[in-house]
Amino acid sequence: MKRILTLMLGVAFILGAATQSSAVEVQVSGEMDTIFGFSDNSGFSKEDENDHFFARQRYRINVEFIASENLRGVMQFQIGTMEWGNAEDGAQLDTTSASAKIRRAYVDWKVPDTALNVKMGLQYIGLPSAVFGNPFFGANAAGVVVSAGLNDNITLSGIWSRPWKDTSVSLKDNDTDMFAIVADFSYDDFTVSPWFSYTRAGAHSGFWTEGYGPEHPVYWTGETSSAYGLTYDESGRSNIWAGGIALSVSPIDDLEIKFDGMYAKLDNDGRTSTTMAPEADGWLVALAVDYSMDWGTPGAFIWYASGDSKSDQANHKSGRMPILGGDDGFGATRLAFPGAYSAGEDTWVSTSGVGTWGLGFQIADVSFVEDLTHLFRIAYFQGTNHKNAVPDLLTGEGVYMTKRDWAVEVDFDTEYKIYENFSTILELSYIYMDIDNKSGEYRGSNEDENAWNAQVTFSYAF
């Protein structure tokens, strides 16, 4: 509770000080979400004994300090996600700690007498995507983004981000830096955004999958926020090259075609252990088609992401696309992938989509009653990893799917606008998962079992 009070007092102090200055305009916006839900079998196992009911909340408050059209400061505060009754989140009776943080804090300014715009600080940095989100990198991260509008249709951006730095070690190479170049070409019925990225991870930067230290690098899956366990020894570092293109085109009225294609390659130097991946490279493509009609928007989608081959397994390599991870992930569906609204349940299979392929159909924006809209989606997906491939080490999250494993997910979402700024969103999802019994226990699931989730979110946006 002390952290919440300290945070809110800080916000009040900043706002009070800002409003005393006539030269600065303060704009406040945000979203307050409260979620109640039931879930069953998130681990796709008949022995799953997880709690079925949950209640949680997440509040985000955005504050902009606008000096002029050329200069502003931006901060975003977040309280939660807080599981009701959890002491660590500050949601238990008489708790003294809370899940409160500053999520974004940056300065946005224009270089005088130029077309350059600069954003410096903790901000959202996302590489282009037109379909489900860019799983390679899309997150709040510290860095600098410099953009220049060459004309009304073309914008170039340069990005430097430092997502990791291990200050507990006093050795050099204790940080990870990501550099990217993005070009945006935007016309009336056509937008295309090619991009290229290079990441250098120092040998002592602390970049490994959550839950594992340097003695247990994880390289077979990208199911957590830091995808692959990279090299961690005094003589080596890791390099990741990535590139792709995001495309959206409307050849006729009401028809939109969207495409994403990307490739990434990881090389580890100075490898000292055969359990570490000396290299990994893979690719992902996704295509979606939507057609807007008076009663709704029907659409179809398909994706394919490369997986581990038999030779990869034998040579301690990975054929899955290495990713840096982040908040966006790969939102192909609502429950198996990160497609839930707000802080609801999702990512039961994967956060990134790597090592899978799938296709589906959906009807969005269906409305027969004022202020009431629906979405229906059905998707089939399958693993692209070799049928006998088994990850040497597990992240403890998600399901490593091979070509023998498949699943079907059905989603039905309903949103009702109670007031202009207050809505309730009902999300219903069901997954049928068919996991091959052979070595299934090594992939995060040991039984063929269905899973479902039902949750309702009350969202106040201001």
Side-chain angles (χ1 to χ4, degrees), residues 29 31 60 62 64 72 74-76 78 101-108 117-149 154-164 176-186 191-199 201 207 222-228 240-248 258-264 283-286 288 303 305 321-332 337-343 346-347 350-354:
S29 61
E31 189 172 37
R60 289 178 177 171
N62 308 293
E64 295 186 35
R72 66 173 183 150
V74 179
M75 299 187 73
Q76 184 181 87
Q78 177 170 313
K101 63 182 179 181
I102 295 177
R103 194 164 179 262
R104 298 176 187 173
Y106 64 93
V107 176
D108 183 355
N117 179 262
V118 183
K119 295 179 180 179
M120 304 183 304
L122 184 61
Q123 59 188 294
Y124 177 79
I125 299 176
L127 295 175
S129 171
V131 189
F132 300 127
N134 192 318
F136 180 76
F137 194 88
N140 290 307
V144 178
V145 178
V146 180
S147 302
I154 303 174
T155 302
L156 295 179
S157 300
I159 301 170
W160 165 54
S161 177
R162 175 160 286 179
W164 287 278
T176 295
D177 293 302
M178 189 276 289
F179 304 90
I181 298 175
V182 178
D184 294 307
F185 301 87
S186 179
T191 61
V192 59
S193 299
W195 59 272
F196 173 79
S197 171
Y198 167 71
T199 301
F207 176 36
E223 308 311 332
T224 63
S225 61
S226 47
Y228 283 76
I240 303 178
W241 294 267
I245 190 170
L247 171 67
S248 177
K258 297 173 288 186
F259 172 80
D260 279 339
M262 60 194 74
Y263 170 84
W283 50 276
L284 183 151
V285 293
W303 80 88
M321 185 179 75
I323 63 173
L324 298 183
D327 296 336
D328 278 0
F330 185 75
F337 302 96
Y341 182 83
S342 185
D346 60 11
T347 66
S350 171
T351 61
S352 63
V354 297

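Owing to the predicted nature of the structure, the values given are computational and were not obtained by experimental measurement.
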- Item | Trp303-Phe337 aromatic ring centre distance below 6.0 Å | yes
- Message: Could you check whether any side-chain N or O of Asp260 sits under 3.5 Å from a backbone N or O of Ser129, counting only pairs where one atom can act as donor and the other as acceptor?
- Response: no
- Note on the structure: Between Ser147 and Thr155, the two heavy atoms sitting closest are CB-CG2, 4.4 Å
- Message: To the closest 0.5 Å, what do you measure between CZ (Arg103) and CD (Gln123)?
- Response: 13.0 Å
- Note on the structure: Tightest non-hydrogen contact, residues Leu156 and Ala183, listed as CD2-CB, 3.5 Å
- side chain to side chain contact (heavy atoms under 4.5 Å, CB included) assessment of Tyr263 paired with Trp241: CA-CA 8 Å; Tyr263 170 84; Trp241 294 267; over 6 Å; no
- Message: Distance check, rounded to the nearest 0.5 Å: Phe136 atom CZ versus Met262 atom CE?
- Response: 10.0 Å
- Query: Are there more than 12 heavy atoms of other residues, nucleotides or ligands under 6.0 Å from atom CD1 of Ile181?
  - Reply: no
- Heavy-atom closest contact (Ala246 atom, Ala130 atom, distance): CB-N, 3.8 Å
- Closest approach of Val285 and Gly261, non-hydrogen atoms and distance? CG1-CA, 4.1 Å
- Item | Spacing of OH belonging to Tyr124 relative to NZ belonging to Lys119, to within rounding of 0.5 Å | 11.5 Å
- Message: Is there a side chain to side chain contact (heavy atoms under 4.5 Å, CB included) between Trp160 and Val146? Walk through the geometry before answering.
- Response: CA-CA 9 Å; Trp160 165 54; Val146 180; over 6 Å; no
- Note on the structure: For Thr199 and Met178 the tightest heavy-atom approach is OG1-CG, 3.2 Å
- Task: Determine whether Glu31 and Ser342 make a side-chain contact, defined as any pair of heavy atoms from C-beta on separated by less than 4.5 Å.
- Result: no
- Query: Just by distance, do the side chain of Ser161 and the backbone of Ala142 share a donor-acceptor pair under 3.5 Å?
  - Reply: yes
- What are the two closest non-hydrogen atoms of Trp195 and Val182, and how far apart are they? CB-CG2, 3.9 Å
- Task: Determine the sole option in Thr347, Asn134, Leu284, Ile323 for which the side chain to side chain contact (heavy atoms under 4.5 Å, CB included) test with Ser352 is passed.
- Result: Ile323
- Between atom OG1 of Thr191 and atom CG of Leu247, what is the distance when rounded to the nearest 0.5 Å? 6.5 Å
- Hey, could you give me the OG1/CD1 distance between Thr176 and Ile240, rounded to the nearest 0.5 Å? 8.5 Å
- Message: side chain to side chain contact (heavy atoms under 4.5 Å, CB included) for Ile154 and Phe185? Distances and angles first, verdict last.
- Response: CA-CA 5 Å; Ile154 303 174; Phe185 301 87; 3.6 Å; yes
- Message: Apply side chain to side chain donor-acceptor pair (under 3.5 Å) to residues Gln78 and Arg60 and explain how you reach the verdict.
- Response: CA-CA 4 Å; Gln78 177 170 313; Arg60 289 178 177 171; 2.7 Å; yes
- Item | Approximate separation, where rounding is to 0.5 Å, of Leu324 CG and Leu127 CG | 8.5 Å
